[in-house]
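Numbering starts at 1 and runs along the sequence shown. As the structure is a computational prediction, the values presented were derived from the model and not from experiment.
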Amino acid sequence: MRRPIQPFTGYQVTAFTNDEEEAVGLPKRARWTVENELVEMGVDFTKGEMWKPYTVVDRNLFTGQNPALGIRLGGTPAQGSLDDRFQCGCDTRLGFLSPPHCT
């Protein structure tokens, strides 16, 4: 069966990693992992250290590696207007990774 075109193909993202999944024993009980599915969809999957805050911003997509980032990532846009540095994910105070298109 042919997979549908994904809207975020070519974007840089992060999510719960295979290493983190292995550490909690999930692959033994699951038929797929988030990291594998994202890579198969054609996104540029990146990851930080296990269990550490790691966030990637690419264009209008904000992703975090693990659930602990939810408050940090979700609360950020409400803190004020998004300047160019933030939109590119270059705000190192928040642990963001700069996508390749940032200057």
Side-chain angles (χ1 to χ4, degrees):
M1 184 168 117
R2 189 171 154 186
R3 292 187 83 114
I5 295 173
Q6 302 299 324
F8 298 108
T9 297
Y11 277 62
Q12 196 170 47
V13 303
T14 192
F16 211 57
T17 67
N18 285 344
D19 294 335
E20 289 166 321
E21 303 272 21
E22 286 282 341
V24 297
L26 186 65
K28 296 173 193 158
R29 300 185 312 252
R31 294 185 301 180
W32 54 272
T33 63
V34 174
E35 181 178 342
N36 289 345
E37 287 294 306
L38 289 170
V39 169
E40 193 172 310
M41 288 178 189
V43 301
D44 179 11
F45 188 87
T46 65
K47 57 186 171 183
E49 292 182 61
M50 281 181 48
W51 315 119
K52 301 286 183 184
Y54 184 75
T55 309
V56 175
V57 179
D58 191 350
R59 292 161 262 190
N60 62 343
L61 181 63
F62 294 67
T63 56
Q65 183 167 313
N66 53 53
L69 286 166
I71 293 171
R72 193 168 164 190
L73 184 60
T76 303
Q79 293 175 355
S81 63
L82 300 176
D83 63 16
D84 290 341
R85 191 182 66 174
F86 183 77
Q87 288 179 28
C88 282
C90 303
D91 190 336
T92 55
R93 293 173 298 129
L94 299 172
F96 289 165
L97 172 71
S98 300
H101 63 273
C102 287
T103 56

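Rounding to the nearest 0.5 Å places CG of Asn66 at 8.5 Å from OG1 of Thr55. Here the CD-CD distance, from Glu35 to Glu40, works out to 12.5 Å after rounding to the nearest 0.5 Å.
Residues Arg59 and Gly10 approach most closely at NH2-O, 3.5 Å, considering heavy atoms. Val56 and Gln12 make their closest contact through CG1-O, 3.3 Å (heavy atoms, listed as atom of the first residue, atom of the second, distance).
Side-chain contact between Met41 and Phe8 is absent, with no heavy atoms from C-beta onward closer than 4.5 Å. The closest side-chain heavy-atom distance from Asn36 to Asn18 is below 4.5 Å. With a 4.5 Å cut-off on side-chain heavy atoms, Leu38 and Tyr11 do not count as touching. By the 4.5 Å heavy-atom criterion applied to side chains, Val34 and Glu21 are counted as neighbours. Annotation: side chain of Thr46 is in contact with side chain of Tyr54 (closest heavy-atom distance under 4.5 Å).
Applying the ring-ring contact (aromatic ring centres under 6.0 Å, His included) test to residues at least two apart or on different chains, the pairs with a partner in residues 12-53 are Phe16-Trp51.
Using a distance-only test at 3.5 Å, with no hydrogens or angles considered, a donor-acceptor pair links the side chain of Thr63 to the main chain of Thr14.
Under the side-chain hydrogen bond (donor to acceptor under 3.5 Å, both in side chains) criterion, Glu20 pairs with Thr17, Gln65, not counting sequence neighbours.
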